[in-house]
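Some notes on the structure that comes next.
Just so you know, these numbers use all the heavy atoms, side chains as well, and skip hydrogens, waters and symmetry mates. Small disclaimer: the values here were computed from a predicted structure and weren't measured.
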Amino acid sequence: MSVFEDLRNGKAYDIRDPKYRQEVWTEIMRCRHLCHEISDSDPYETERITELEKELFNGNLPEGSFITPPFQIDCANCVHLGKNVFANHGLTVMSVGTITLEDGVMLGPEVALLTVNHEPKNIRTIMTKEIRIRKNAWIGARVSILPGVTIGENAIVGTGSIVTKDVPDNAVVVGNPARIVKMIE
């Protein structure tokens, strides 16, 4: 089993573990390089940016999906994009625990998707939980989504919210921590 599979299955890892360093740091460095290349591209070089984003996602950039530079994704091999996903600039993704963005997801500027947490008694040990954002969800600017959260279909997360728990389909949530303020009919 790979370190990525172990983490996805709930195993904790010391980040100094040689197996972790080999597998995860290799992917992190690949992604840092590609994110740097993408973020340093002229905004009018849309074809070049799209080709680099395809490379970042190992050839799998679904139709209509685009991530606006600059952004940082640490482990793109653990990010699964649907069709027509759009992320505005400043996206930060810590995805070693796996992130799925289904068709039509929209992310505002400076969103943070964070699948990683640290063991309080040994901060060099990490644990992960998957984040899933379901179809047509809209995540506002400067939202942070924490490990293990699922955002439901057609849900809206208001600007500046910190999402610590699952959000149901068709819910509008805001705040820190995010709470339901209304349901969309």
Side-chain angles (χ1 to χ4, degrees), residues 1-17 19-35 38 52-67 71-88 90-108 110-119 123-139 143-153 155 157 161-169 173 177-178:
M1 224 184 233
S2 76
V3 172
F4 295 106
E5 290 168 324
D6 285 345
L7 286 164
R8 189 166 186 198
N9 289 321
K11 181 176 179 180
Y13 259 94
D14 187 308
I15 60 174
R16 299 167 293 194
D17 181 301
K19 187 175 177 184
Y20 177 92
R21 292 181 67 83
Q22 173 60 39
E23 288 183 44
V24 176
W25 278 102
T26 298
E27 176 65 3
I28 287 172
M29 292 307 291
R30 182 187 80 83
C31 292
R32 285 179 69 189
H33 171 72
L34 287 166
C35 288
I38 293 164
L52 287 167
E53 287 186 2
K54 279 183 186 172
E55 185 179 346
L56 179 66
F57 293 106
N58 297 307
N60 186 26
L61 185 64
E63 177 186 328
S65 292
F66 186 77
I67 301 174
F71 60 84
Q72 184 61 48
I73 298 172
D74 65 355
C75 293
N77 66 329
C78 295
V79 177
H80 307 286
L81 297 177
K83 294 178 184 172
N84 301 309
V85 170
F86 174 77
N88 215 319
L91 178 67
T92 298
V93 176
M94 295 180 70
S95 55
V96 71
T98 304
I99 293 174
T100 301
L101 304 176
E102 294 182 3
D103 295 348
V105 167
M106 301 257 308
L107 304 173
E110 300 179 17
V111 167
L113 306 175
L114 312 167
T115 67
V116 179
N117 207 340
H118 294 264
E119 169 60 48
I123 61 171
R124 301 290 185 271
T125 298
I126 66 163
M127 302 144 314
T128 69
K129 290 185 181 172
E130 182 176 358
I131 291 173
R132 177 176 294 273
I133 303 179
R134 310 271 322 261
K135 290 181 180 177
N136 300 313
W138 176 21
I139 311 303
V143 167
S144 294
I145 299 176
L146 301 186
V149 169
T150 295
I151 306 293
E153 282 191 36
V157 180
S161 296
I162 298 178
V163 187
T164 61
K165 294 182 179 160
D166 291 351
V167 175
D169 294 350
V173 299

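- Within the 3.5 Å criterion, the main-chain N or O of A112 finds no donor-acceptor partner in the side chain of T92.
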Open item on the list: side-chain contact (heavy atoms from CB on, under 4.5 Å), that's the test. Do L113 and I139 meet it? Break it down for me.
Closed with: CA-CA 11 Å; L113 306 175; I139 311 303; 5.8 Å; no

Open item on the list: Using side-chain contact (heavy atoms from CB on, under 4.5 Å), reason through V24 and Y13 one step at a time and then give a plain yes or no.
Closed with: CA-CA 11 Å; V24 176; Y13 259 94; over 6 Å; no

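- Among all heavy-atom pairs drawn from K129 and G148, the shortest one is CB-N, 3.3 Å.
- A pairwise comparison of heavy atoms in A155 and P168 identifies CB-O, 3.8 Å as the closest pair.
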Task: side-chain contact (heavy atoms from CB on, under 4.5 Å) between C75 and I28, worked out - done: CA-CA 6 Å; C75 293; I28 287 172; 3.8 Å; yes

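- Distance check, rounded to the nearest 0.5 Å: CD1 of I99 to CG of L101 gives 6.5 Å.
- Taken from OG1 in T98 to CG in L7, the straight-line distance is 8.5 Å, to the nearest 0.5 Å.
- Here E102 pairs with R134 in a salt bridge; the nearest charged N to carboxylate O distance falls below 4.0 Å.
- Using a cutoff of 4.0 Å between basic side-chain nitrogens and carboxylate oxygens, K19 and D17 are not scored as salt-bridged.
- Remark: Q72 CD to M94 CE distance equals 10.5 Å, nearest 0.5 Å.
- Note on R8 versus E5: no salt bridge recorded, every NZ/NE/NH1/NH2 to OD/OE distance being 4.0 Å or above.
- You'll find the side chain of N84 stays beyond 4.5 Å of the side chain of D103, heavy atoms only.
- Smallest separation of non-hydrogen atoms from V96 and T115: N-OG1, 3.5 Å.
- Between the CD1 atom in I145 and the CD1 atom in I133 there is a gap of 4.0 Å [rounded to 0.5 Å].
- The shortest distance between side-chain heavy atoms of L81 and N60 does not fall below 4.5 Å.
- Shortest non-hydrogen contact noted between F57 and L61 is CD1-CD1, 4.1 Å.
- Enclosure of atom CD in Q22 is not indicated, since only 12 or fewer non-hydrogen atoms of other residues, nucleotides or ligands lie within 6.0 angstrom.
- Ring pair F66/F86 is parallel by interplanar angle, where below 30° counts as parallel and above 60° as perpendicular.
- Partners of D74 according to the side-chain hydrogen bond (donor to acceptor under 3.5 Å, both in side chains) rule, which considers only residues two or more places apart in sequence or in another chain, are S95.
- When all heavy atoms of A137 and I151 are compared, the pair lying nearest together is CB-CG2, 3.9 Å.
- No donor-acceptor pair closer than 3.5 Å links the side chain of E119 to the backbone N or O of T125.
- Between the side chain of E27 and the backbone N or O of N77, at least one donor-acceptor pair lies under 3.5 Å.
- Rounded to the nearest 0.5 Å, atoms CD1 (I131) and CG (D166) are 11.0 Å apart.
- Side-chain contact between F71 and V93: absent, with no pair of heavy atoms (C-beta onward) separated by less than 4.5 Å.
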TODO: Mind running side-chain contact (heavy atoms from CB on, under 4.5 Å) on R30 and N58 for me, showing each step along the way?
DONE: CA-CA 11 Å; R30 182 187 80 83; N58 297 307; 3.6 Å; yes

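- Atom-to-atom distance recorded for H118:NE2 and I15:CD1 is 6.5 Å, nearest 0.5 angstrom.
- Taking both residues in full, the closest heavy atoms of A76 and L56 are given as CB-O, 3.2 Å, listed atom of the first, atom of the second, then distance.
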